[in-house]
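Structure, as structure tokens:
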Amino acid sequence: MTDRNANLDLLKSGRTFDILVIGGGATGCGIAVDAANRGLSVALVDRGDFGGGTSSKSTKLLHGGVRYLESAVMHMDRVQFNLVRDGLHERTVLLRIAPHLCHRLTLVTPLYGLGQVPYVWSGLKLYDLLAGDAGLGHSRFLSRGEMLRRFPMIREEGLKGGVQYYDGQFNDVRMNIALARTAVREGAVICNYVEAVGLVREKGRVAGAVVRDPINGTSWQIRARCVVNACGSSSDMVRRMDDPTAASLLRVSRGIHIVLPGRFAPMEAGVMIPKTDDGRVLFILPWEGACLVGTTEEPADADELPLAREKDVEYLLRHLRRYFNLGAKSQDITASWAGLRPLVHDPFTADTAELARDHVISCSPTGLITIVGGKWTTYRKMALDTVDYVVKNVGLAATGPCRTDRLVLDGGENFRDGSAVELARNFGLDPDVALHLHRSYGDHALEVARLCQGWLGERLTAGHPYLKGEVLYAVRHEMALTVLDFVERRVPLALLDRAGARFAATAVHELMASELGWDRVRQAKEREEMNDRLGGN
């Protein structure tokens, strides 16, 4: 992954790959990891950066889906039941294969009304039962007094108690990069900022794609025995390259999040309101030293630029005031953002909140394979199912079955929990900086710390642990090509603190311009994009 130009040369070499994956989010990178680990030759391209869409705009939870379990029980829905079961299994797998990026998170659901107590408590006990040996801890009832003692910000009026349970939390932007690096480690050839603009056909079958590098304007063909469309909310657009009359497989919804300073976050756990008055789920979570609040959900268009609109932000603030005594105001918000969520289309469902997050694999008459639906937690299962489908139906010679449930991701192989203390001591780092490097880079933290010496060890902006040397590491080892690649998707600074990212962007721009040799035209283009995206909340 170190040298993008070398990867481009391999993609232009004229070789025929077993699989060409279009899409570099969680699912696409997961497919590349799985297929390459099975001995298949894999190419992967993305028209933007790795995780540039939905995969960097998640709620940061690894979960089975408490809401889906309620629907499964109420409607005897086996699809949603299986989704919860798979999610709980995958949650534990991810905690094992990416120990540096994933951790257990305590969650609490406050209960208002006596009827909620047995209903929610029994539902979460079923959640425990479904997890089985993969459980992270037993849920338990909390009395009203204990709830108010532990979570004094929760609205007291009508409170009957609460239920404590456990799920996982993770760093999605770093997880996507870890998947991309793992794919390379396993032998895949991957490249960001390479757009598929058409499909190649041979004897009536899809046999590759015509791609374009928008940075230098060149176009060429990548030939493959199988093309997998893993483009998330843009999947229907790729399907229509194959068949302009193809019916939509997706209904897209927009999820909104706001970020508040850490003082607003619960001290001991995240809080989940399973159903607001309009049927949505509300989370308030500690995240990266801040307070993450989300998410609203409503229909959206796949080709729109997802933005956190004023009415969406007000919705979250209004419900925060309804359930918590936080006093949060719009001026307290440090960042807000939105992500498109690709949901499998069901013409008989009017509300996107009712759509299952299960995934569907489809194959067109010309052989284009599309994987849609799912969620971050189940990316590995989605990849497994896709590669199994490809091997069976295309006849590729894999060396064995899926092994990704025990394949530790890049950065996790030699990860040790106590290494942050050693890192701080050996390099004279502040504790928050050492912990950030440790949790973000895993067993590569030592390599990053060595680079962050002298003036490269300076913080990019006050109040955050991100260092100037990390910019060079991202360019040299993680294929970061733009300022936004770094401040949004190598570190989550722009998702945490828009003003902080705007301040840091100047130094990031200077470092990247020098490292990548940008001319004046490219520098001006970067400044324009920075101003467009970081101009304000």
Side-chain angles (χ1 to χ4, degrees), residues 1-8 10-11 17 19-37 40-58 98 101 171-197 208-215 222 224 226-235 237-238 241 302 306 339-342 359 368-372 374-376 379-380 382-383 386-387 404 409-410 474-475 477-482 484-486 488-490 492:
M1 192 171 173
T2 301
D3 189 341
R4 181 174 181 269
N5 289 329
N7 290 359
L8 284 172
L10 290 172
L11 293 177
F17 293 88
I19 300 176
L20 168 62
V21 181
I22 303 175
T27 305
C29 287
I31 291 168
V33 170
D34 192 335
N37 181 254
L40 301 174
S41 60
V42 181
L44 179 147
V45 297
D46 192 292
R47 66 179 178 179
D49 190 28
F50 304 111
T54 302
S55 294
S56 60
K57 305 295 193 303
S58 77
L101 300 172
N171 185 334
D172 57 1
V173 294
R174 294 302 311 171
M175 188 78 158
N176 212 129
I177 295 301
L179 282 169
R181 286 176 59 113
T182 305
V184 172
R185 185 187 75 195
E186 296 300 312
V189 180
I190 71 174
C191 215
N192 53 353
Y193 295 100
V194 174
E195 181 181 11
V197 295
V210 178
V211 300
R212 185 179 70 88
D213 181 351
I215 294 176
I222 301 175
C226 171
V227 177
V228 175
N229 169 18
C231 291
S233 60
S234 300
S235 293
M237 287 188 278
V238 175
M241 290 181 191
L340 296 180
R341 297 176 174 179
H359 59 275
L368 175 67
I369 294 172
T370 298
I371 170 74
V372 292
K375 58 181 180 176
W376 239 117
Y379 87 85
R380 194 199 67 85
M382 296 166 67
T386 304
V387 179
T404 56
L409 298 187
D410 184 80
V475 171
H477 302 285
E478 297 178 344
M479 221 178 285
L481 296 178
T482 74
L484 292 170
D485 288 350
F486 181 80
E488 283 191 344
R489 291 176 293 274
R490 300 305 181 276

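Reckoned from all heavy atoms, side chains included, excluding hydrogens, waters and symmetry mates.
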Against S235, only a single residue in T27, I22, T370 fulfils side-chain contact (heavy atoms from CB on, under 4.5 Å); can you say which?
T370
Nearest 0.5 angstrom please: R341 CZ to K375 NZ, how far?
11.0 Å
Distance, nearest 0.5 Å, that separates CD1 of I371 from SG of C231
12.0 Å
If you look at every heavy atom in A98 and L409, which pair is closest and at what distance?
CB-CD1, 4.1 Å
Without swapping roles, check the side chain of N7 against the backbone of R4 for a donor-acceptor pair under 3.5 Å.
no
The reported gap from CE in M479 to OH in Y193 (rounded to nearest 0.5 angstrom) is 11.5 Å
Main-chain N/O of I177 paired with R490 side-chain donor or acceptor, under 3.5 Å
no
Rounded to the nearest 0.5 Å, what separates atom CD1 in I190 from atom CG in L11?
10.0 Å
side-chain hydrogen bond (donor to acceptor under 3.5 Å, both in side chains) filter on S55, not counting sequence neighbours, yields none
What's the spacing between L179 CG and E186 CD if we round to 0.5 Å?
11.5 Å
Test your reading of the model: is there a side-chain donor-acceptor pair from N229 to the backbone of V238, 3.5 Å cut-off?
no
Does V194 reach the side chain of L8, with side-chain heavy atoms less than 4.5 Å apart?
yes
Just how far is it from atom CG of N37 to atom CG of D34, taken to the nearest 0.5 Å?
7.0 Å
Of all heavy-atom pairs between C191 and F50, which one has the smallest distance, and what is that distance?
C-CZ, 4.0 Å
Begin with the C-alpha distance, continue with both residues' side-chain angles, and end with the deciding distance and a verdict on side-chain hydrogen bond (donor to acceptor under 3.5 Å, both in side chains) for S56 and R489.
CA-CA 7 Å; S56 60; R489 291 176 293 274; 5.2 Å; no
Measure across I369 and C226 and return the closest heavy-atom pair with its distance rounded to 0.1 Å.
CD1-SG, 3.6 Å
For D46, give me all partners under side-chain contact (heavy atoms from CB on, under 4.5 Å), at least two apart in sequence or on another chain.
none
Between F17 and L10 the two heavy atoms that sit nearest each other are CZ-O, 4.1 Å
Do you know the tightest heavy-atom contact between F486 and A474?
CD1-CB, 3.7 Å
From the list I31, V21, V33, side-chain contact (heavy atoms from CB on, under 4.5 Å) partner of L44 resolves to V21
Heavy-atom closest contact (N192 atom, G48 atom, distance):
CB-O, 3.2 Å
Just so I know, are the side chains of T386 and H359 near enough to count as touching, which here means a heavy-atom distance under 4.5 Å?
no
Between N176 and G24 (side chain of the first, backbone of the second, donor and acceptor by atom type, cut-off under 3.5 Å), is there such a pair?
yes
